[in-house]
Structures are given as structure tokens and as C-alpha cells.
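As a basis for the values below, the full set of heavy atoms in this structure was taken, side chains included, without hydrogen atoms, waters or symmetry mates. A, B, ... follow the sequence lines: proteins, then strands. Residue 1 opens every chain.
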Amino acid sequence: MPPPPPSSRLLALLSARRPPPPLRRLLQIHAHLLAAGLLQDFSSLLAAAYALSTTATATDARTSPPSPLRHALALLSSLPASAYNAAIRALSLSDDGDRHGHGVVRRCLPLYRALLRSGTARPDHLTFPFLLKACARLREWGYGDAALAHVLRLGLDSDVFVVNAATHFLSIRGPMEDARRLFDRSPVRDLVSWNTLIGGYVRRGNPAEALELFWRMVAEDAVVRPDEVTMIAAVSGCGQMRDLELGRRLHGFVDSDGVSCTVRLMNALMDMYIKCGSLEMAKSVFERIEHRTVVSWTTMIVGFAKFGLMDDARKVFDEMPERDVFPWNALMTGYVQCKQCKEALSLFHEMQEASVVPDEITMVNLLTACSQLGALEMGMWVHRYIEKHRLVFSVALGTSLIDMYAKCGNIEKAIHIFKEIPEKNALTWTAMICGLANHGHANEAIEHFRTMIELGQKPDEITFIGVLSACCHAGLVKEGREFFSLMETKYHLERKMKHYSCMIDLLGRAGHLDEAEQLVNTMPMEPDAVVWGAIFFACRMQGNISLGEKAAMKLVEIDPSDSGIYVLLANMYAEANMRKKADKVRAMMRHLGVEKVPGCSCIELNGVVHEFIVKDKSHMDSHAIYDCLHEITLQIKHTADLLSISAAGAV
DNA sequence: TTAGGGTTAG
């Protein structure tokens, strides 16, 4: 027998993602020994593992296990239930650095099977709380349901710990009605039972039910009183409801009811105040926290960012004594949401300099920034980074990638990713539909919409913006009318300004100006500049001067400083040979002192974003850029001439 | 033994 290898090598062997079958068995034993405190037998296991790892083939080891392994296997078969329970507990709570801890948690399941097979031990009231917790973490619904059946068979359904763990499992598995039924029918109920159910409703986005249950608990159950955990759930449910009045009431309840106001609860209160729109209250809670945690600081960053106060958010970030990846992501999200995308990218560079390991949320933020900037190269770099570092490929990440490629001009790549990704939700479909629509692939966009519906995905307001704009691009009036009506009648979605402007644009472009005007007159909100713009353009196209004038006047009314509309109105008159009116508008423009607002564009090159305004000469390569622009203009003119010659020839 | 606060996509 060779000497045992160093323990680090053994640990590496044991924690391999797919260890060979004999080693897998050893892993189970290892977990038992570790958790049951039987490490004095570990030396024989070390030797066995080493022997197995150096055995020529795994089959040899299975058919003729070396004696130390036989020894370890014998040890396993004589372990009591408590050793299994301790091991399942240790594994269900573990986090081995894998973001979801699944690598280690998953080992609970073979351990439970081994316990069932052991012959000497039976699962008991201490086994199921942790087993069900592991099943919930792993989203192992089938396994968890089987465990629940065992609970019933073993008559453990009157143990409050087991029932609470089962309620928790069901609240994660869904539907919530299953958890609720268990709670309602259970003869045993304690504080944790209430907290589990209230927390479950909050987690599943049903705060009204959570709060109702909370008040029922306060009123009905004389034995249990809400504690810190109850209040965290109630307060965060209130945040979801955006109900500041209720929030204040709950805060008052905390202060008056003797609930210990811990940092966690204060953090939850801050979060609630931010969601309910009271930054001041959040700040006041933050200032009263004696020992702030990273969560407290992060919540404050989120608060400032949500209110667009990015300088304050940055100040809080700089003042933090220590940071994990959350505050970095929170600040970056703020920059992205405030459309300060260059700052978001620069924060990422700072993050790298600080050696903070980014996660998939950082990547989602970066991709959103790239989408907004049209920064394809940076976006591609992010894509490579995700693949290289094997980040968790969440639905959100897939959706951001599709959106980034579509918005940065590479629709083929967006389609490719859409086809490849394993999980798609309504947002993923929407990103694809909008991408296709914006690239002029109207029929494909509509086809995707129909498939999405067939697959049972629920479209929302933004999905309809995608399909309506697809119809608009392709002039599909009949389909547009159908979707516009379906939105309300079948999907019960409120039609917003953007839907009306899409529909009005579609009708106007297709020559149905009367119908477009009628829609403008009957829409439930005051038409905005986009709506009147669509009407104006349609009028100009079709020479409807009177309605065009009305639309232009409305546009001037909405934004008198917008020079564009004066120019366009003058052009409309000129095109209709109404010179006098055209001159009058130009004179009016001069008289009012309206100046043209310079348009701004930006491009990304080698990961650097360059901004340009009209007649901009500030760029260091300005000369070369203008030379190139001149060359392109000449080429376009040349091509246009050739086309007109060939068109004339064809006639 | 069971419940629990902060960051993400269209």
C-alpha cells in the first residue's frame, strides 16, 4: 500500500464534479464521517481513496475493492440514523463556493437513499427538515414529493419541525395553495409555521396575502407573537405593495410591540421605504443603525441610485468599510438605469483593479450598458468572459445577450443565441421579438409571437410594443389592428402611449389617416409628441396640409424649443408649393430665436466610446474622419447616380 | 432541527 497522499490532493479528488463511481461511494462515506465526527477512521479512507485513484480501471476497484475500502463500506452499513442526519444537515447547509452550493447539497440525495437502504437505520423527525431544505434548494420537486410521502408513511406529519419544513418546500415548489393547505390542515402550528407561510407569499410576489396572514396572526394567535423574521417578511411585502402608509404602520408596530429591531430588520425597513418612495425615511433608518452591515450600505446605494442621485450613491459606496460584489453591482445598476453607461463601464474596470470577482449580475449590467451604447466589441468581450469563466447562465443573462446583439446590429448572432439557450421566459421572447422587429424582420417577429403564445408564455405590454412595431415596419395594418385589439380583449393589458403611437404610425403610413386621427381623438391619454409626430409625417407624405398643420401646432405646443418641427413644417409647405407659408414659418423661427439643437451620436471602437455632435472637430482624428466621410458621401452619390441611370434604362 | 434583509434582463 503506497503512503497516503497529502490531504489537499484527496480533497481535490473528493470534490471533483464527476468522480469515478467507486470514489462517489467514498464521497458518501466521507460526508458521513466528517459530519458524524468519526474522523479517527479517516486514515483508512485516505488510503482507500488513494488506492482507488491509482487503480488501473474503476471496474477493477468495483469488483475487487481494496481492503481499506471494504472496511469503510462496513463502517457505513453500521452507521446510526443520527450519523446520516448529521451528514445530511451538514450538506444541506453547505456552500462550497459554487454560487448555489448545488455541487455539495446534491450529495444529500444519495445519502438519503443510502439511509433508506442501510437496513439498520430509518429516517426520522431530524432527517426531513434538512432533506426537504436540500430538495427546495436543488429544485428537486420529485424527490421532495417522495420525501413528503415518506413523512406520511412514517407518521411524522404531526411533528411541527417536519411540517414547517414541508410547508417551506411546498412554498418554493408552488403552487402556494399546496403550502397553504398544509398550514390550514396541520394540527400543529408555531411561530415558524406562520413565518414560513408569510415569507412564502412574499417570495412568490403575493404581498396582499402575506399581509393578510400577518394581521390574522397578530389578531388570532394568542400564543405566538411576531418576531424579527415575521416583521422582515411583512415589511418586505409592504415594499412590494409600494404602500408607504402601511410601511409606517408596520414600523410603528415594530417599535411598540417589543420586536427586537436588529440590523436585518432595519435593512428591510430601509428597503421598504425606498420602494415606497421615501428616501428620507430610508436615510433616517440608515443613520440610526449602530453596526451597519454590507447589506445596509448596499441598500443605501440602491436608494440613492433609484432616485437618480448617482453622486450620493457613489459617496456611500466610497465610504463603505468593506464591500462584496453586491454594492459594486448595485452602483453599476444605478449608472445603467440613469443612462450613465460610460460610468458603468469605468466602474467595471475599477472593479477589476480591485480584484473583485464579477458575477452574472455584473455581466447583465455590462450587457445592458453595451446595448444602450451600441458597443458591440465590448459586448462580445463580455460574452467571451461569460463563456471563459463559466458564469451561471441565467435567463436574464441570455436575454441581455440577445438584446445586446440585436441592439448592436448583429441580429444573426441574437437569433443564434436565442435558439441555443436552454431556458426562455416572456422577457427572452420579447427581446427576440423586438430585435427582429427593429431589424425589419416583421414576419419572423410575428411568427415568434405566435410560437411564444403556443408555448404558454404570457406576453406583456413590451411584447406588444415589439409586435406592433413589427407591423408598423412592414405596413401590416390588418395584423396590427388584430394585435392592438387582442391586447385588451384577450390579455387584459392596458394600452399605453407607446402602443397608441405605434398603431397611429402604422395607420398613418398605410394611408388610413382618418382612422389614425380618430384613434388620436379617442385615446384615453393626452397624445404626446411621438403621436403627433407620426400624424405629421403621415400628413406630409400624403399632402394633408390641414391636419399636418394641426399636428405641427401641437408639437410646437408640447416643446416650443424643438427647432425640428419648424423646419419640417416649412418643408411641408414648400413641398406643397406654399412658399409664402414656408417663409412665414422660417421667419417665425428666427423671430422666436429657436436654434437647431445639435444631434449627438456615438460609436464604439476597440472598447472605447466616442461621442460626436454636428460639425464636431474636437476629436483627435477629426481630419481623417472628415476625409473618410467625404469619401463615403462621394461613393453614395456615385451609387445613387448609377441606380438612377439603370432605373431609367429599365423604364 | 424548521422561517429571515441587499444587486440582474426585454
Problem set entry | A/F161-B/dT2 aromatic stacking (under 5.5 Å, under 30°) | no
Problem set entry | Partners passing ring-ring contact (aromatic ring centres under 6.0 Å, His included) against A/F307 (at least two apart in sequence or in another chain) | none
Could you identify which residues of [range] place a heavy atom less than 4.0 Å from some atom of DNA chain B, listed by residue number, or say none?
{"range": "residues 300-316 of chain A", "answer": "A/V302"}
{"range": "residues 162-190 of chain A", "answer": "A/N164, A/H168"}
{"range": "residues 196-204 of chain A", "answer": "A/T196, A/R203"}

Problem set entry | Any A/K424 side-chain N or O less than 4.0 Å from OP1/OP2 of B/dG10 | no
Exercise. Reckon A/Q337 has a side-chain N or O less than 4.0 Å from the OP1 or OP2 of B/dT7?
Worked result: no
Solution key, residues 169-176 of chain A side-chain donor-acceptor pairs under 3.5 Å, sequence neighbours excluded:
residue : atom : partner : partner atom : Å
A/S171  : OG   : A/H168  : O            : 2.8
A/S171  : OG   : A/R203  : NH1          : 3.4
A/R173  : NH1  : A/D145  : OD1          : 2.6
A/R173  : NH1  : A/D145  : OD2          : 3.0
A/R173  : NH2  : A/D178  : OD2          : 2.3

Got a donor-acceptor pair under 3.5 Å from the side chain of [X] to the base of [N]?
{"X": "A/T299", "N": "B/dG6", "value": "no"}
{"X": "A/S400", "N": "B/dA9", "value": "no"}
{"X": "A/N425", "N": "B/dA9", "value": "yes"}
{"X": "A/D460", "N": "B/dG10", "value": "yes"}

For this session: For residues 262-276 of chain A, pull every pair meeting salt bridge (charged side-chain N to carboxylate O under 4.0 Å, His left out), keeping only residues two or more places apart or in separate chains.
Result: A/D271-A/K275
For this session: Any pair with a residue in residues 283-308 of chain A that passes salt bridge (charged side-chain N to carboxylate O under 4.0 Å, His left out), sequence neighbours left out, goes on the list, sorted by first then second residue, please.
Result: A/E280-A/K283
Problem set entry | Under the side chain to side chain donor-acceptor pair (under 3.5 Å) test, residues paired with A/R248 that sit two or more places apart | none
Problem set entry | Test side chain to side chain donor-acceptor pair (under 3.5 Å) applied to A/S394 - qualifying residues, sequence neighbours left out | none
Minimum-distance nucleotide (side-chain atoms of [X] versus [options]):
{"X": "A/K133", "options": "B/dA3, B/dG10, B/dT7", "value": "B/dA3"}
{"X": "A/T368", "options": "B/dG4, B/dG10, B/dT8", "value": "B/dG10"}
{"X": "A/T298", "options": "B/dG10, B/dT1, B/dG6", "value": "B/dG6"}
{"X": "A/R264", "options": "B/dG4, B/dA3, B/dT1", "value": "B/dG4"}

For this session: Quick one: list whatever passes salt bridge (charged side-chain N to carboxylate O under 4.0 Å, His left out) with A/K407, sequence neighbours left out.
Result: A/D403
Over all strands shown, is [X] touching base, sugar-phosphate only, or nothing at heavy-atom distances under 4.0 angstrom?
{"X": "A/S193", "result": "nothing"}
{"X": "A/D324", "result": "base"}
{"X": "A/V325", "result": "nothing"}
{"X": "A/T127", "result": "nothing"}

For this session: Apply side-chain contact (heavy atoms from CB on, under 4.5 Å) to A/R249 and list each qualifying residue two or more places apart in sequence or on a separate chain.
Result: A/W215, A/L246
Seminar exercise, completed: Sorted by chain and residue number, the side-chain contact (heavy atoms from CB on, under 4.5 Å) partners of A/S400 (sequence neighbours excluded) come out as A/V364, A/L367
Exercise. Strictly under 6.0 Å, is that where the ring centroids of A/F161 and A/F128 end up?
Worked result: no
For this session: Applying side-chain hydrogen bond (donor to acceptor under 3.5 Å, both in side chains) between A/Y405 and each of A/H383, A/H416, A/K413, report the one that passes.
Result: A/H383
Exercise. Do A/E209 and A/R180 meet the salt-bridge criterion of a basic N to acidic O distance under 4.0 Å?
Worked result: yes
